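Here's the structure, in structure tokens; my notes come after.
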Amino acid sequence: MNATTSCRVCRGPVEEFLDLGRQPLSDAFRLPDADDDEFFYDLRVGLCGSCSMVQLMREVPRERMFHADYPYHSSGSRLMREHFEATAERLARTELTGPDPFVVEIGCNDGIMLHALAERGIRHLGVEPSAGVARVAAERGIDVRIDFFEEATALDIAATHGPADVIYAANTICHIPYLDSVFRGVDALLGPGGVFVFEDPYWGDIVEQVSFDQIYDEHFYLFTARSVQAMARRFGFDLVDVAALPVHGGEIRYSLARIGERTPSGAVAALIATERERGLDRSATARRFAARVHRVRDDLVTLLRDLRAQGRRVVGYGATAKSATVANFCGLGPDLITFVSDTTPAKQGRLTPGSHIPVVGPGDFRTARPDYAVLFAWNHAEEIMAQEDGFRAGGGRWIRYVPDVQTV
Ligand code: SAH
Ligand code: TYD
Ligand code: ZN
């Protein structure tokens with residue numbers, strides 16, 4: 001268990017603290033009759049002893065994850081649509097107030113955020129390598145470039161569109177191992193006084209809630225304010241603001257500006273101090289987290305085996321990328337979970353990656369009337385439980401595993 005590698009950000013020593021086993025691509029939903037070999041890799045995670053960046057020990061080639069059939073459509077959740085409309089409104093009000101402002105979004109997906117800026121007539125460009133979701137954005141009237149954001153892309157955008165006032169990304173910067181190239185690109189594209197804003201799942205929340213399912217192929221980094229500050233400074237930027245967001249189980253929105261251009265808010269130092277008190281930069285904390293992950297696995301597997309022994313019908317709710325980590329780490333298959341319900345058409349009729357559980361639509365969930373449903377989309381609990389109020393009313397029970405295993 002003492003494997004080490006070198007940090008993708010600072011080249012310091014990364015010490016492994018958790019092995020989540022052999023895993024498939026988290027968003028590779030398979031056709032039932034697929035006969036190609038499924039891709040697997042070892043999902044292991046470590047902590048950099050120098051800059052405290054939490055990162056995967058192994059990188060999956062980006063083209064395997066982000067391509068024309070990438071099935072994750074951001075606009076599938078009402079909560080997230082509202083969140084990004086509020087984000088757009090805020091950016092328009094605070095950062096995009098000059099003459100003819102220009103905003104670039106890295107990983108715009110189906111345009112969930114940019115459409116609200118496009119409707120305001122704000123000059124924008126989404127950079128999105130997954131052509132299927134990019135096309136959905138384009139059909140909504142958003143300017144999209146089907147590409148990976150990196151230094152060369154940024155140089156080209158700067159040459160054709162001029163400097164950006166804001167570069168924004170949600171749930172995307174943590175997906176990109178090659179952040180040195182991204183930062184060189186941001187430096188080339190961002191105009192003087194501009195701001196680079198990104199929001200991603202927060203390692204502090206993951207540790208607190210033992211939400212180990214936030215660790216999967218696409219989430220190469222799990223950020224803290226301290227690790228983001230160290231990274232920013234390495235590339236000529238500074239962390240000038242942080243804000244906690246109540247989405248995806250707890251995220252932080254980081255605002256970066258070139259060193260010396262903006263005064264960091266008190267929130268930055270305060271959050272970094274809290275992280276130090278919590279020991280988030282220490283390997284002992286990481287190892288304690290790993291022990292709690294194993295406990296959750298044991299509890300969940302025990303519960304599901306007991307329910308099967310009692311003849312209860314158990315299904316899953318939400319074919320999330322996160323659920324691939326849970327299902328494959330815990331060895332869950334169709335013997336324990338009959339099907340998983342999900343609203344995404346691109347996932348329905350397919351099998352979950354690695355665990356090969358059929359994905360069905362919510363209509364099938366309602367007619368099947370199962371006894372228990374594992375809430376894989378726990379970050380959308382409120383929205384889902386409201387939609388499925390008939391499930392509990394009819395005697396069904398939810399199984400949650402964040403922060404611990406319980407039926408509700
Ligand atoms: N911003 C959306 C989408 C997040 S999913 C949201 O918060 O819901 C992550 C997205 O990043 C995917 O659509 C993926 O195709 C895209 N992506 C991955 N690598 C990228 C890169 N190097 N540049 C731009 N987008 C990238
Ligand atoms: P999400 O938790 O946003 O992300 P990830 O795949 O990165 O873990 O995924 C939510 C999934 O749950 C998505 O496939 C859509 C599905 N879903 C439903 O089936 N019903 C719902 O009401 C909501 C909000 C989501
Ligand atoms: Zn490092």
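Every number for a ligand or one of its atoms is a count from 1 in the order of the listing. In this text, all values refer to a predicted model and were calculated from it rather than measured experimentally. In this chain, residues are counted from 1 in sequence order.
Not a single N or O atom of Tyr317, backbone or side chain, sits closer than 3.5 Å to an N or O atom of ligand 2. For ligand 2, one of its N or O atoms has an N or O atom of Ala321 under 3.5 Å away. Polar contact with ligand 1: present for Asn109 (N/O pair, distance under 3.5 Å). Between Glu383 and ligand 2, a contact under 3.5 Å exists for no N or O pair. Below 3.5 Å of separation, one finds no N or O of Ser77 facing any N or O of ligand 2. The distance criterion of under 3.5 Å between nitrogen or oxygen atoms is not met by Asp27 with respect to ligand 2. The N/O atoms of Tyr178, backbone and side chain alike, include one that comes under 3.5 Å of an N/O atom in ligand 1. For Gly107, a nitrogen or oxygen atom sits less than 3.5 Å from a nitrogen or oxygen atom of ligand 1, counting backbone and side chain alike. Ligand 1 has no N or O atom lying under 3.5 Å from any N or O atom of Tyr70, backbone or side chain.
Neither the backbone nor the side chain of Arg78 has any atom closer than 4.0 Å to an atom of ligand 2 (non-hydrogen atoms only). Proximity of Phe376 to ligand 2, defined as any heavy-atom pair under 4.0 Å, is not found for any part of the residue. Both the backbone and the side chain of Phe149 come within contact range of ligand 1, each with a heavy atom under 4.0 Å. With a 4.0 Å cut-off on non-hydrogen atoms, Asn171 touches ligand 1 through its backbone as well as its side chain. When non-hydrogen atoms are compared, ligand 2 lies under 4.0 Å from the side chain of Thr344 (C-beta onward) but not from its backbone. Here Lys347 has side-chain heavy atoms under 4.0 Å from ligand 2, and that is the only part of it that gets that close. Residue-level proximity to ligand 1 for Tyr168 is absent, since no heavy atom of it falls below 4.0 angstrom. Here Tyr216 has side-chain heavy atoms under 4.0 Å from ligand 2, and that is the only part of it that gets that close. Under 4.0 angstrom from ligand 2, the non-hydrogen atoms of Asp342 come from both its backbone and its side chain. Only the side chain of His248 comes within 4.0 Å of ligand 2, counting heavy atoms alone; its backbone N, CA, C and O stay farther away.
Closest to atom 4 (O) of ligand 2 among all protein heavy atoms lies Tyr72 CE1, 3.4 Å.
Using modelled atom types, one side-chain atom of Asn109 and one backbone atom of Ser74 make a donor-acceptor pair closer than 3.5 Å. Of the possible polar contacts, one joining the Glu275 side chain to the Ala225 backbone as a donor-acceptor pair under 3.5 Å is found.
Below 4.0 Å from some heavy atom of Ile106 lie the following atoms of ligand 1, by number and element: 23 (N), 24 (C). Proximity to Ile176 (heavy-atom distance under 4.0 Å) selects the following atoms of ligand 1: 21 (C), 22 (N). Less than 4.0 angstrom separates some heavy atom of Lys322 from each of these atoms of ligand 2: 1 (P), 2 (O), 4 (O), 5 (P), 8 (O). Each of the atoms 24 (C), 25 (N) of ligand 1 lies under 4.0 Å from some heavy atom of Val127.
Not a single salt bridge (Lys or Arg N to Asp or Glu O under 4.0 Å) links Arg90 to another residue, sequence neighbours left out.
Cation-pi geometry between Arg62 and Tyr178 is met: under 6.0 angstrom from the ring centre, within 45 degrees of the axis.
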Start with the C-alpha distance between Thr325 and Asp213, add both sets of side-chain angles, then the distance that settles side chain to side chain donor-acceptor pair (under 3.5 Å), and finish with yes or no.
CA-CA 5 Å; Thr325 296; Asp213 55 355; over 6 Å; no
Evaluate the criterion side chain to side chain donor-acceptor pair (under 3.5 Å) for residue pair Glu218 and Tyr72; output intermediate values, then yes/no.
CA-CA 12 Å; Glu218 295 172 23; Tyr72 183 75; over 6 Å; no
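Rounding to 10 degrees, one finds that the Zn ion (ligand 3) sits at the corner of an angle of 100° between Cys10 SG and Cys48 SG. With the Zn ion (ligand 3) as the vertex, SG of Cys7 and SG of Cys51 span 110° to the nearest 10°.
Among all heavy-atom pairs drawn from Trp378 and His248, the shortest one is CH2-O, 4.5 Å.
Here CD1 of Ile252 is found 10.5 Å from CG of Asp241. Values are rounded to the nearest 0.5 Å. In this structure, Glu15 CD and Cys7 SG are separated by 13.5 Å, a value rounded to the nearest 0.5 Å.
Residue Arg120 qualifies as enclosed at atom CZ: its count of foreign heavy atoms under 6.0 Å is above 12. Heavy-atom neighbours of Glu63 CD from other residues, nucleotides or ligands within 6.0 Å: above the threshold of 12.
Taking the six-membered ring for Trp and the full ring otherwise, Phe329 and His294 have centroids separated by under 6.0 Å.
Under the 4.0 Å criterion applied to side-chain N and carboxylate O atoms, Glu95 and Arg262 are assigned as salt-bridge partners.
Aromatic ring pairs are classed by plane angle as parallel below 30°, tilted from 30° to 60° and perpendicular above 60°; the pair Phe39 and Tyr41 is parallel. Between Phe183 and Phe235, the ring planes are parallel. Angles under 30° get that label, and only those over 60° would be called perpendicular.
Among Tyr372, Phe376, Phe365, the one residue that satisfies the ring pair (Phe, Tyr, Trp, His ring centres under 6.0 Å) test with Tyr317 is Phe365.
When the options Ala134, Gly185, Ser74 are ranked by their closest heavy atom to atom 2 (C) of ligand 1, first place goes to Ser74.
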